[in-house]
Amino acid sequence: MNFSRTLTFWYSEHKRDMPWRNTKNPYNIWLSEIILQQTQITQGQPYYDAFVNKYPTVFDLANAQESEVLKLWQGLGYYSRARNLHASAKHVANELNGIFPNTYKDLLNLKGVGDYTASAIASICFNEPTAVVDGNVYRVLSRYFGIDTPINSTKGIKEFKTLATSLIDHQNPSDYNQAIMEFGAIQCKPRNPNCNACPLNESCVALQKNIIDQLPVKLKKTKISTKYFNFIVMLSTDKKTIFQKRTHKGIWQNLYQFPLMESEKKLKIADFKKHPFIVSYFEDTPFEFSLYNNIDIVHKLSHQHLHTKFWIVEIDQLPQKGIPIADLKRYPTSILISNFIDEFFDA
DNA sequence: AAATCGGGGTC
DNA sequence: GACCCAGATTT
């Protein structure tokens, strides 16, 4: 049996049951693929269920407010996915009469849909033989064929896409694509793959050369930077606080947060009241303050570490319009802020 | 070509 | 700590 047939047979025997495997509806498949980008099944599945439940059709999603979509997305990360999801839903609902594009080429025009996702939807929903290349596929192909081209290099991206395209089963592109991904996820795993029980172990180049643990090759990522975040949690006598939207580009765009001052170094408690940001914010209004956490909370993102302090400011009247503290949890926010709210206000 | 964009899980 | 995850987009 050849490579592709072996994989699809293996898939028929081993595939896990998942909610998006019981449908070919492009809306559902699209939703699942966006949610699962750079996200493990176990983390994404509850979000998929929640979205299908709250927004059963693309029209329901299109009619929602963006902040509502972001709230449901809260905790999943890579929030541009949620913003693009909502924008594309509006486009499909309003410009395309609710009908999803049905080719790889046209699917690519949707915001948030790149090569992988367009290939996945086109193959799963419309039987187009477009090969998916995700992290699983890179691993399976690099090992089986013994390819050491870095998977995140321009050359590697082209090379693996071409190879995957040459391997796809034209009789059943949907099952083949899902088979190779499922195979990578539970058989040809990143660490300790089960080569003894592998249906491809007799022809796997990496196994023969004993270089399974050296593949795939990946260029090393850029180094992590450190930033210092100081959030100002205001508490007025009428139980309000200031919670504002991050409108600028960057992390957490369009999510909400307490007023933030970034500092180059750790801000000390003696310096807090004299900080220019604080001086301009409160002018001559008297207030008392305290530091919630003496030890920085280090929030780790993939490319930066945020050393965070929460400053509690008790004040008679807010320096600007605020929101009731009781309403804080209605707003979409980061895990960093969400955790603080849970600890500080619910304890 | 490299950087940006999250959060959770594993070893 | 390093690496990974059904990647896309911007710089």
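In what follows, every chain begins at residue 1, and chains take the letters A, B, ... in the order their sequences are listed.
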For a quick test of reading the model: is some side-chain N or O of A/His303 closer than 4.0 Å to OP1 or OP2 of B/dC5?
yes
Have a look at A/Gly75 and say if it touches a base, only the backbone sugar-phosphate, or nothing, with a 4.0 Å heavy-atom cut-off.
sugar-phosphate
Mind calculating the distance between CD1 (A/Ile224) and P (B/dC5) to the nearest angstrom?
13 Å
Under 4.0 Å between any heavy atoms, over every strand shown, what does A/Ser80 touch: base, sugar-phosphate, or nothing? Just pick one.
nothing
Per the under-4.0 Å heavy-atom filter, residues of residues 127-140 of chain A near DNA chain C come out as A/Asp134, A/Gly135, A/Asn136, A/Arg139
Residues A/Tyr55, A/Leu31; criterion side-chain contact (heavy atoms from CB on, under 4.5 Å); working and verdict
CA-CA 10 Å; A/Tyr55 308 118; A/Leu31 183 56; over 6 Å; no
A/Phe3 vs A/Phe145 aromatic rings, parallel, tilted or perpendicular, using cut-offs 30° and 60°?
tilted
Say we look at C/dC5 and B/dC5: how far apart would their C1' atoms be, to the nearest angstrom?
14 Å
Using chain A heavy atoms and a threshold of under 4.0 Å, write down where along DNA chain C the contacts begin and end, 5' to 3'.
C/dC4 to C/dT9
From NZ of A/Lys300 across to P of B/dC5 the rounded distance in Å is 19 Å
Within residues 211-220 of chain A: residues closer than 4.0 Å to DNA chain C (heavy atoms):
A/Lys218
A side-chain contact here means heavy atoms from C-beta on lying under 4.5 Å apart; do A/Val133 and A/Tyr138 qualify?
yes
Could you tell me whether A/Gln65 atom CD has more than 12 heavy atoms of other residues or ligands within 6.0 Å of it?
no
Ring center gap for A/Phe231 and A/Trp311 short of 6.0 angstrom:
no
I want to confirm an ordering. Mapping A/Thr39 and A/Asn84 to their closest nucleotides on DNA chain C, which one lands closer to the 5' end?
A/Thr39
Taking only heavy atoms on the protein side, list every residue of residues 329-341 of chain A lying under 4.0 Å from any atom of DNA chain B, sorted numerically.
A/Ser334, A/Ile335
Rounded to the Å, how far apart are A/Tyr79 OH and B/dG6 C1'?
6 Å
Answer yes or no: are there more than 12 heavy-atom neighbours, outside A/Gln320 itself, under 6.0 Å from its atom CD?
yes
What is the distance from CD of A/Gln304 to C1' of B/dG7, rounded to the nearest Å?
13 Å
Side-chain contact check for A/Gln43: nearest option of B/dG7, B/dA3, B/dC5 is B/dG7
What does A/Thr117 touch in the nucleic acid at a heavy-atom separation under 4.0 angstrom: a base, only the sugar-phosphate, or nothing?
sugar-phosphate
When you look at CZ of A/Arg21, are more than 12 heavy atoms from neighbouring residues, nucleotides or ligands closer to it than 6.0 Å?
yes
Side chains of A/Leu291 and A/Phe310: does their closest heavy-atom pair fall under 4.5 Å?
no
With heavy atoms under 4.0 Å as the rule, sort A/Asp115 into base, sugar-phosphate or nothing.
sugar-phosphate
Residues touching DNA chain C, which here means a heavy atom under 4.0 Å, drawn from residues 18-35 of chain A:
A/Trp20, A/Arg21, A/Glu33
If the C1' atom of C/dT9 is compared with that of B/dG8, how far apart are they to the nearest Å?
23 Å
With a sphere of 6.0 Å drawn around CD of A/Gln244, does it hold more than 12 non-hydrogen atoms of other residues, nucleotides or ligands?
yes
Neighbours of DNA chain B within residues 250-257 of chain A, by heavy-atom distance under 4.0 Å:
A/Gly250, A/Ile251, A/Trp252
Distance check needed: B/dG8 P versus A/Gln40 CD, whole Å only.
12 Å
Determine whether more than 12 heavy atoms belonging to other residues, nucleotides or ligands lie under 6.0 Å from atom NZ of A/Lys266.
yes
Taking B/dC11 as the reference, what is the distance to C/dA6 when you measure between their C1' atoms (whole Å, please)?
23 Å
C1'-based separation of C/dC3 from B/dG6 [nearest Å]
15 Å
